[in-house]
Structure formats: C-alpha cells, structure tokens
2 protein chains.
Amino acid sequence: MATNPGYRFVIADDHPLFRGALRQTLEGLFDGVVIAEAGSLEAVSKILEEGDEIDLVLLDLNMPGVRGYSGLMYLRAQFPTVPVVVVSANEDPGTIRRCMEFGAAGFVPKSLGTDTIREALSTVMAGDLWTPADVDLASMPADETAKLVQRLSTLTPQQVRVLMMLSEGLLNKQIAYELGVSEATVKAHVSAILQKLGVESRTQAVIAASKIEVGHWQSVGV
Amino acid sequence: MATNPGYRFVIADDHPLFRGALRQTLEGLFDGVVIAEAGSLEAVSKILEEGDEIDLVLLDLNMPGVRGYSGLMYLRAQFPTVPVVVVSANEDPGTIRRCMEFGAAGFVPKSLGTDTIREALSTVMAGDLWTPADVDLASMPADETAKLVQRLSTLTPQQVRVLMMLSEGLLNKQIAYELGVSEATVKAHVSAILQKLGVESRTQAVIAASKIEVGHWQSVGV
DNA sequence: GCAAGCCTCCTCCTTTCGGAGGAGGGCCAA
DNA sequence: TTGGCCCTCCTCCGAAAGGAGGAGGCTTGC
C-alpha cells in the first residue's frame, strides 16, 4: 500500500534461509527498501560503522558468539541512534520485557503475519515502541535480574565492550591491546564497571553478565 | 512382583508434587523401600553425609541454585560410591550423554512408564548403567565441550567444591574460610584446577564451568 | 560559552593471584 | 607394605588486580 522510500534495514540473523524470507517480506512491504544482511554481530557492527545511515536493525536474539541479550546490549551501547527491533521465535513475555529494557525499539515474534510485521516496523520507524498486543509490559516486574539489567544499561559504550572482553576471560593487558588504549584506561573502565554493577571483582562482573545473557533460557529449558 | 527389601532412596527434585508422585511409584515398585526427599542440593548433601548408606539418588537436573550439570558433578565428586540416576523431562540424546559422562548411573525421562522405571532402577541397583533404549551413546561424540567435560571429571572432590565457589565469585580468602582450610591450600587447589581445565585465570575457569552448566540449554532454546 | 559526560592517561598504594617447589599425613589398593 | 592419590600447608616471587585521586581533551546539549 503505502510507499516508504529509501529505508535502509539490516537483517541480523545467523540463518540464511530466514534472512531471505525476511528480506522478501520487507521488500514486499516497503518500496525501495535497501536491505543488508549480517550473519554475525561483527558483520552488523561493520555495516553500522560504515556510516550508511541505517534506519533499522532487525536482530535475532540467537546469534553465533552472542549469548542472549549481549548482542542487543552491545548494539544499543555502540550505536544508540540506530533503532533495533528484536526478531525471535521466542515470545515469552519475560523475554520481550527484557529486550525492551535493553533498549529495543520493538519485538517481533517470528510467527507474526506480514500485516502485523508491517504495522510493527511502521510504528518503530515513526519513532515509537512496538510490542505484541497481548503482552502486558507493566506486569511481571522486578525479578532478581531486573536491577542488574538496569545497572547494565548505565554502562557506557566502551564499558560494554570492556565487560564483554572480561566475559571472554581476557586480562586488562589484553583488553588494552585489543582496544588500542593503555592498561590504565582499561583499569579505569573496569573499576567503573565494578561500581556500576555493584560487585567487587572482575570474576563477579563476569558472573553477573552471564546471568543476564543466558539466565532467561534456564527458566524455560528442561 | 519381586521384593527388594530395605532399599534407601533419595528423591532430589525441587517440585514437591513430582517428588510425591515419584515416591508413590517407587513404593509401589519396591517393597520396604525407604525414601528421603530433598528439595535442594544442600538437602541431598546433608542426607548423604549422615551416613545412612543411601543406595540411590534420583536427581532432577533442574534444581534451584544448581545450574545444569553442576549438581550431578558435585554429588559424583563428593559421594563417588552413591549411584545417581538423573530424572529429567528432557530426553535429548546430548543431555543424556553428558549426564552419563558426568558419572550418572542412569537416565530416566520423566515420561517413562512404571515398568520401564522399574527396569531402569533394577539395572542400576545391580550395578549396571541404564539409559533409554533408543539412545545411541556411541554416536554424536566430541563437540567443543566434550573435552571440557572430560577435564572437569578429573577434578578431585575438594577441587569441585572450590571450583563451584570460584563460580560464586568468592576470593581465595573467603573460600578458605568456608572450607575451614588455609588460603595456601585454596591456592593450591585453584592452581590445580587451572591446570586441569587448561586455563590461565580463575575468571576463565568460571567461564569454562558456566559453559558446561548451562551451555547445553542454549543450543536447545530459541 | 559552559556544564556534563565520556574517554583517555597518570601516580601511588595495597591486595590478590598464580607459579614453582617442597613437604608431611592419611587412606586405599596392588 | 609400598606406591599413589588426596588434602593439607609452607615459602618465595612476580604479575595482575583494584582503589583513590587527579587531569586533559573531546563532544553534546543547554
């Protein structure tokens, strides 16, 4: 129906087949849309860093090398101006809620019809948030991890990068090398992270981060 | 049918209703069986430490405060002589295989009928291993974590306890206090753990442990 | 312009980690 | 009984971690 010229989307999903299906859907919904595909978080970052003024990222929660919400957290921290819509097979209210807390602009279950997807993306492109109608975000508040999510959201972009490197078990020295800064800077970031997360060691910070990243699936699994 | 007098079982599951159901099943299958129930890993440990010569532990993989296989690993390390049968709603071959690698004496899907349960427990009580017939343990070998599982299985009982405390973010000093030993001893254990796991820092050890404990559900979820 | 936030880097200091190497006692199986 | 394994503990040492406190340069927004 309507034409939305020149939108630039990025589809981030590790499954090529699904990327193709989503691409077709989007091309049918938005005239003149330009779509880039990314199979990993690194690929998404590279695209966003090229400064092509991406209008929207459609992100699968389950990307290789990215456990749970860390991919979303990373994108929101590194590229705060680019809206991210999470696309997931999971439509559990807790998952949706957490995605929104991490700054997602919308949550689109993979089961949705094209009409609803169109509505969702239009809403997001207009600058509003969108979630499935039957989800009550106000309910089911403050579990143990809610506070932690909030704390994580106060981390600066660079701090997010450092935290993720901590979660890979890197030394300060190694992180400094990777980021091209001095070890003193890394130590400053780490200290800030510890304070913001309310923990007392890098190991505890890693544990806290891992709880958020995978904590949800535990309660679903088994 | 047959009478198996005086068996002592422990049912470890955080769900009271399921404990009751399993208790009834067992009481119908084995005459004169004595059954203790435990809703947490601590409760199981307490029962086993009391020296009542428990013949079998029926362990749910999903216990509170115990993520994934750590409960099984802990029991096998602390009480090597007590056979543990894993009871789980999950009957994925990978899960079953990993349970057996961690030293489970059997794996009983919750969906099983009483006849099959009886067969399974009798097999285990006779000293053999038991898994569902349709599972081919020989297949699906060596994924990335298989080596790690093997390495974890070489940890001594005390090292397992230390590793779990590392995974809680405790300092050596705190672990020493908890275990009632000197910090030097803890450091010796930690060094041994790092060597056995093939890592270079406590943080990396915690990361490795967390991969095993929850790594499997990730590949199932979403 | 100016404040605020972020990133960067510095010094000085204490604590914690982790390795190397040794050593004694307890327990169990060959 | 004699290894072997485990747990315990020790010293000496260098490296890593983390706190306290400060500081300059950089954008962004008021």
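FYI, side chains are in, hydrogens and waters are out, and symmetry mates aren't considered; it's all heavy atoms of this structure. In what follows, every chain begins at residue 1, and chains take the letters A, B, ... in the order their sequences are listed.
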Leu163(B) side chain reached by Leu152(B) side chain, heavy atoms, under 4.5 Å: yes
Could you tell me whether the phosphate oxygens of dC9(C), OP1 or OP2, come under 4.0 Å of any side-chain nitrogen or oxygen in Thr185(A)? yes
So, does Arg8(A) use its side chain to make a donor-acceptor pair with the main chain of Ala36(A) at under 3.5 Å? no
Please report the interatomic distance OG(Ser153(B)) to CG(Leu148(B)), rounded to the nearest 0.5 Å. 10.0 Å
Measure from NZ on Lys173(B) to C1' on dG18(D) and round the result to the nearest Å. 14 Å
Output the rounded distance in Å from OH (Tyr177(B)) to C1' (dT16(C)). 20 Å
Given atom CD of Gln158(A) and atom P of dC9(C), what is their separation to the nearest angstrom? 10 Å
Can you tell me if His189(B) touches the phosphate of dT8(D), counting only side-chain N or O atoms and a distance under 4.0 Å to OP1 or OP2? yes
Rounding to a whole Å, what distance do you find between Leu155(B):CG and dC5(D):C1'? 15 Å
For the pair made of CG in Leu171(B) and C1' in dA16(D), what is the distance, rounded to whole Å? 14 Å
Interatomic distance where CD belongs to Glu183(A) and P belongs to dC7(C) [whole Å]: 19 Å
Tell me if the CD atom of Gln174(A) is crowded by more than 12 foreign heavy atoms within 6.0 Å. yes
With sequence neighbours excluded, tell me which residues meet side-chain contact (heavy atoms from CB on, under 4.5 Å) with Ala192(A). Gln159(A)
Does Ser201(A) have a side-chain nitrogen or oxygen under 4.0 Å from the phosphate oxygens OP1 or OP2 of dA17(D)? no
Tell me if the CD atom of Glu168(A) is crowded by more than 12 foreign heavy atoms within 6.0 Å. yes
Return no unless some side-chain N or O of Thr156(B) is found under 4.0 Å from OP1 or OP2 of dC6(D). no
Please tabulate the protein-to-nucleotide N/O contacts below 3.5 Å involving nucleotides 24-29 of chain C, giving atom names and distances.
none

Give the rounded distance in Å between these two atoms: CG of Leu166(A) and C1' of dG18(D). 12 Å
Quick one: do Glu183(A) and Lys187(A) make a salt bridge, cutoff under 4.0 Å? no
Below 30° counts as parallel, above 60° as perpendicular, anything between as tilted: where do the rings of Phe30(B) and Phe9(B) land? perpendicular
Distance in angstrom units between Gln174(B) CD and dT15(C) P, rounded: 15 Å
Protein N or O to nucleotides 19-21 of chain D N or O, pairs below 3.5 Å:
{"residue": "dG19(D)", "atom": "OP2", "partner": "Ser191(A)", "partner atom": "OG", "Å": "3.1"}

Reckon Asn172(B) has a side-chain N or O less than 4.0 Å from the OP1 or OP2 of dC17(C)? yes
Gly169(A) backbone acceptor or donor facing Gln204(B) side chain under 3.5 Å: yes
